[in-house]
Amino acid sequence: MSAQDDSSYDAAREAMVREQIAGRGIRDRRVLEALRRVPRHSFIPAAERARAYDDGPVPIGQGQTISQPYIVALMTELVRPQPGDRVLEVGTGSGYQAAVLARLVRHVYTIELEETLARSATAVLRELKFENITVRTGDGYGGWPEHAPFDIVIVTAAPEHIPQPLIDQLKPGGRLIVPVGPRFSVQQLQLLEKDANGAIKTTEVSPVMFVPLRRP
Ligand code: SAH
């Protein structure tokens with residue numbers, strides 16, 4: 001049986017959404033539905049697959065991790081995804097966060113520094129028939145000017161400061177979510193909202209721990 005059609009994970013995924021996501025206060029029905037639909041285990045290497053629905057991050061190779069399910073849900077809810085939105089993700093990793101967002105928006109453009117990860121994410125997303133995700137290998141510090149501006153920018157690795165190009169590539173009315181802080185320590189999850197006039201409002205959401213956003 002391939003990992004993709006293995007229904008033995010259904011109960012674990014339901015429990016994950018009920019206990020870790022809805023149970024901790026995520027209310028957006030579209031977000032909960034996306035978490036129910038995306039087979040998280042398909043994004044996790046076979047050796048770690050038994051931990052796919054655990055309440056924590058899981059190693060995905062190259063020293064990187066797929067984020068804790070609750071953090072994926074929280075970041076997704078905070079950026080208020082709308083069906084017509086175009087999204088930039090920095091840090092494709094396994095491709096799971098991109099898949100969750102792709103169920104909620106028009107298109108996700110996602111950049112990954114590690115070629116091995118970009119390739120495996122592309123393969124899984126193709127197998128699962130996601131047609132509104134574009135993966136690119138490269139450095140996300142500069143964003144993706146060819147497809148800018150974006151309604152949403154989501155950064156899933158931690159920079160010490162928010163890269164200015166990512167702010168510049170956000171539309172008026174856009175939302176940017178990013179963990180900001182020192183490497184391998186606690187960072188602050190920050191939500192930036194750009195209003196119609198281009199003014200920025202920043203909200204500190206909660207302390208988190210992400211792998212660092214690296215310079216190539
Ligand atoms: N969103 C991912 C988890 C990301 S882990 C998921 O759903 O699985 C963070 C990822 O950011 C890692 O894969 C790491 O290789 C990548 N990364 C680190 N620095 C980067 C950079 N400068 N540009 C693009 N990706 C980067």
Where is the tightest heavy-atom contact between P165 and Y141, given as atom of each residue plus distance? CG-O, 3.6 Å
Linked, directly or transitively: L128 and I44 (ILVMFWY side chains, under 4.5 Å): yes
Test item: V87 and Y109 side chains (from C-beta on) under 4.5 Å apart, heavy atoms: no
Do you reckon L191 sits in the same ILVMFWY cluster as L166, going by side-chain contacts under 4.5 Å, direct or chained? no
Are the side chains of F130 and V108 in contact, using a 4.5 Å heavy-atom criterion? no
Would you find a donor on one side and an acceptor on the other, under 3.5 Å apart, between the side chain of T202 and the backbone of Q190? no
I need the minimum non-hydrogen distance between Q20 and Y53, along with the two atoms involved. NE2-O, 2.9 Å
Would a distance-only check, ignoring hydrogens and angles, find a side-chain to backbone donor-acceptor pair under 3.5 Å from K201 to L192? no
Once rounded to the nearest 0.5 Å, what's the spacing between atom OG1 of T116 and atom CD of Q64? 10.5 Å
Distance (rounded to the nearest 0.5 Å) between T76 OG1 and R103 CZ: 13.0 Å
Taking atom types as modelled, find out whether E114 and T137 have a side-chain donor-acceptor pair closer than 3.5 angstrom. no
First locate atom CG of L78, then atom CZ of R80, and finally report the distance between them rounded to the nearest 0.5 Å. 8.5 Å
Taking the side chain as every heavy atom from C-beta outward, state whether N197 and P172 have any atom pair closer than 4.5 Å. no
Please name all residues satisfying side chain to side chain contact (heavy atoms under 4.5 Å, CB included) with L113, sequence neighbours left out, ordered by chain then number. D139, R214, P216
Path from V155 to I152 over hydrophobic side-chain contacts below 4.5 Å: no
For E112 and T92, what are the C-alpha separation, side-chain angles and deciding distance, and is it a side-chain hydrogen bond (donor to acceptor under 3.5 Å, both in side chains)? CA-CA 5 Å; E112 170 56 51; T92 314; 4.6 Å; no
Sidechain N-carboxylate O distance under 4.0 Å for E193, R175: no
Please enumerate all residues that pass side chain to side chain contact (heavy atoms under 4.5 Å, CB included) together with D168, with sequence neighbours excluded. Q164
Passes side chain to side chain contact (heavy atoms under 4.5 Å, CB included), Q68 versus I71? Steps please. CA-CA 5 Å; Q68 180 188 22; I71 295 294; 3.4 Å; yes
Over all heavy atoms of both residues, which pair between P179 and V208 is shortest? Give the atoms and the distance, please. CB-CG2, 3.8 Å
Do R24 and D55 make a side-chain contact, defined as non-hydrogen atoms from C-beta onward lying under 4.5 Å apart? yes
For residues P81 and V79, determine if any side-chain heavy atom of one lies less than 4.5 Å from a side-chain heavy atom of the other. yes
When every non-hydrogen atom of Q187 is compared with those of V180, the smallest separation belongs to CB-O, 3.3 Å
Would a single hydrophobic cluster contain both I162 and M209, if residues Ile, Leu, Val, Met, Phe, Trp and Tyr are joined by side-chain heavy-atom contacts under 4.5 Å? no
Atom NE2 in H107, atom NE2 in H147: separation rounded to 0.5 Å? 7.0 Å
Does a sphere of radius 6.0 Å around CZ in R183 hold more than 12 heavy atoms from other residues, nucleotides or ligands, not counting ones at 6.0 Å or beyond? yes
Just do the side chain to side chain contact (heavy atoms under 4.5 Å, CB included) check on V90 and T156 with the steps written out, would you? CA-CA 6 Å; V90 177; T156 61; over 6 Å; no
So CD1 of I133 and CG of L125: to nearest 0.5 Å the spacing works out to 4.5 Å
Looking only at side chains, do D151 and Q82 share a donor and an acceptor under 3.5 Å apart? no
Measure from the side-chain N and O atoms of E77 to the backbone N and O of R27, and report whether any donor-acceptor pair falls under 3.5 Å. yes
Give the minimum heavy-atom separation between E89 and G91, together with the two atoms involved. OE2-O, 3.5 Å
Is the shortest side-chain heavy-atom distance between I154 and L88 below 4.5 Å? no
Over 12 foreign heavy atoms within 6.0 Å of CD, E131: no
For A121 and S94, the nearest pair of non-hydrogen atoms, with its separation, is CB-O, 3.5 Å
For the residue pair K171 and F150, establish whether any side-chain heavy-atom pair is separated by less than 4.5 Å. no
Ion pair R30/E33, N-O distance below 4.0 Å: no
CG of L74 to OG of S67, rounded to nearest 0.5 Å, is 11.0 Å
Using modelled atom types and a 3.5 Å cut-off, is there a donor and acceptor pairing between side-chain atoms of S185 and backbone atoms of P182? no
Within the distance-only criterion (no hydrogens, no angle test), does the side chain of R106 pair as donor or acceptor with the backbone N or O of P83 below 3.5 angstrom? no
Yes or no on side chain to side chain contact (heavy atoms under 4.5 Å, CB included) for I167 and L176, after CA distance, side-chain angles and deciding distance? CA-CA 8 Å; I167 301 175; L176 184 160; 4.3 Å; yes
Worked check of side chain to side chain contact (heavy atoms under 4.5 Å, CB included) between I60 and Y96: CA-CA 11 Å; I60 53 171; Y96 176 68; over 6 Å; no
Does R40 reach the side chain of I66, with side-chain heavy atoms less than 4.5 Å apart? yes
Has the side chain of Q169 got a donor or acceptor atom that lies under 3.5 Å from a matching backbone atom of W144? yes
Using a strict cut-off of less than 4.0 Å between a Lys/Arg side-chain nitrogen and an Asp/Glu carboxylate oxygen, indicate whether E115 and R119 qualify as a salt bridge. yes
Mind checking whether V211 and I177 sit in one hydrophobic cluster, side chains of I, L, V, M, F, W, Y counted as touching below 4.5 Å? no
